[in-house]
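Here the structure is laid out as structure tokens; the discussion comes afterwards.
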2 protein chains.
Amino acid sequence: MRVAYNEQMNELADLLGEMASLAGAAMEKATQSLLQADLVLAEQVISEHDKITELSAICEEKAFTLLALQAPVAGDLRSVVAGIQIVADIDRMGALALHVAKITRRRHPNHALPEVVNGYFAEMGRLAVQIGASAREVLETRDPERAAKLQEEDEAMDDLHRHLFTVLMDREWSHGVAAAVDVTLLGRFYERFADHAVEVGRRVIFLVTGQLPADLHQQNIPSS
Amino acid sequence: MRVAYNEQMNELADLLGEMASLAGAAMEKATQSLLQADLVLAEQVISEHDKITELSAICEEKAFTLLALQAPVAGDLRSVVAGIQIVADIDRMGALALHVAKITRRRHPNHALPEVVNGYFAEMGRLAVQIGASAREVLETRDPERAAKLQEEDEAMDDLHRHLFTVLMDREWSHGVAAAVDVTLLGRFYERFADHAVEVGRRVIFLVTGQLPADLHQQNIPSS
């Protein structure tokens, strides 16, 4: 029973890690498509998104089977329940990368971004990929200290997001309202991507320590 | 065992219904605070949000205890797993109402909304409350037809959201970029509120029929 549980739980953890990788890769490509107005790359993110949705369904089914066949208890049960919750967060990270790619596609052949904010999005994209990789690492290592570091990375994302808003709100903004709307939504997508990665980390901390870290994040969001 | 399961599952379902009610009530008040630049009401939504977060933790713990002590199987197990997933959606609905209230507070004593979009937000608020009530009803009745109707209500929300964007993108928009940014974020909060309610409905349909409805929604979103 215990051996079967371990084997199936490892499979689930591997799949979650794979999903986190795919979501990070999707955000990396989506950012590149956005910065370069690259339609081919945007289409690739859009068509590859099904893979994340599929894995999400497979993970949910695997967790369900684990509960049904192994009836785990205590810490083992918590791991499976956390797995079910984590699937939803990573699934959402993939959806947010998809949203970025769709904005690239909608504005093509134009650039969605005015040049003045390119630097912000290049950096937010870089951070998103790093945060995605951290989430994967936390899923693999279950290291609560590493998980707590996710929150620092998220704070860097929030800082960027805040600065982006000051650029938008500046009287000098000369790129029109349509561009401001796109930049607002895009900024939000990156910020939410990071939030979901932090949530994955929080679930892992809870698993390992039995306590949820204080929700620092809720106090820090500038625009929400 | 079966009696204990039923009793605990009913308790969980009641709590989820209560959470959905609170989220709907929060969005109703948040909308009123937004339309009337009513700081007192906004503060009320913000301070009452803790109640939703608390209920969310209680629901998760109840679901966990149910799994641990009753080790439900088959349909019963699916109900508990769905409960765990539904908590996250309703929790998020509450957070979105909180975001609306926070924008009201940030802009006070000014109105966050230019008058020209008041009608849109009054209607989006009305729809959000209706969708929240529908979600609660679906949780109570487990009626898959009622759950499917949630998708229609969500389509009405998406239509409004789309129209709102045409107003924003209009060359005649004379309310500046800062207002456009707020309107963009607020529109997104209402749209996501509805999406999460639809997700609750989809989980219930899955529970009752064993099949997920086609994800109509993903094809319909204008701005994401």
Side-chain angles (χ1 to χ4, degrees), chain A residues 49 53 57 60 63-65 67-74 76-78 80-82 84-85 87-89 92 95-96 98-100 102-103 106 164-165 167-185 187-189 192 195 199 206 212 215 218 221-224, chain B residues 49 53 57 60 63-65 67-74 76-78 80-82 84-85 87-89 92 95-96 98-100 102-103 106 164-165 167-185 187-189 192 195 199 206 212 215 218 221-224:
Chain A
H49 180 66
T53 312
E60 284 186 4
F64 181 80
T65 309
L67 291 174
L69 300 185
Q70 309 298 334
V73 291
D76 291 348
L77 177 56
R78 274 211 194 273
V80 185
V81 169
I84 291 168
Q85 293 164 325
V87 176
D89 281 300
R92 194 68 208 141
L96 289 161
L98 175 69
H99 291 354
V100 172
K102 283 189 172 173
I103 289 190
R106 192 170 318 122
L164 179 65
F165 270 78
V167 177
L168 266 178
M169 297 295 189
D170 196 307
R171 279 161 198 276
E172 308 282 300
W173 180 267
S174 59
H175 312 283
V177 168
V181 168
D182 277 347
V183 169
T184 302
L185 287 175
R188 176 113 189 123
F189 296 155
R192 291 294 300 152
D195 288 346
E199 199 52 37
F206 182 65
L212 273 179
D215 197 347
Q218 290 221 337
I221 307 175
S223 67
S224 42
Chain B
H49 180 67
T53 312
E60 285 186 4
F64 181 79
T65 309
L67 291 174
L69 300 185
Q70 309 299 333
V73 291
D76 291 347
L77 177 56
R78 272 207 198 275
V80 185
V81 170
I84 291 168
Q85 293 164 325
V87 176
D89 281 300
R92 194 69 207 141
L96 290 161
L98 175 69
H99 291 353
V100 172
K102 282 188 173 175
I103 289 190
R106 191 170 320 122
L164 179 65
F165 271 78
V167 176
L168 268 178
M169 297 294 188
D170 195 305
R171 279 162 197 275
E172 308 282 302
W173 179 266
S174 58
H175 312 283
V177 167
V181 168
D182 277 347
V183 168
T184 302
L185 287 174
R188 176 116 190 120
F189 297 155
R192 292 293 300 152
D195 288 347
E199 199 52 36
F206 182 65
L212 274 180
D215 196 348
Q218 290 221 336
I221 307 176
S223 67
S224 42

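A, B, ... follow the sequence lines: proteins, then strands. Residue 1 opens every chain.
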Side chain, backbone, both or neither of B:A74 within contact of chain A (heavy atoms, under 4.5 Å): backbone
Engaged part of B:A178 at the chain A interface, taking heavy atoms whose separation is under 4.5 Å: both
Atom pair CG (A:D182) and CE (B:M169), whose distance is rounded to the nearest 0.5 Å: 5.5 Å
Rounded distance (nearest 0.5 Å) linking atom CZ of B:R188 with atom NE2 of A:H99: 4.5 Å
Nearest atoms (heavy-atom pairs only) where A:A180 meets B:V177: CB-CG1, 3.7 Å
Per-residue contact mode, A:A88 against chain B (heavy atom under 4.5 angstrom): neither
Interchain contact, B:R78 with chain A, by part (heavy-atom threshold 4.5 Å): both
Most contacts with chain B, counted as non-hydrogen pairs under 4.5 angstrom, among A:V183, A:L96, A:T184, A:I84: A:T184
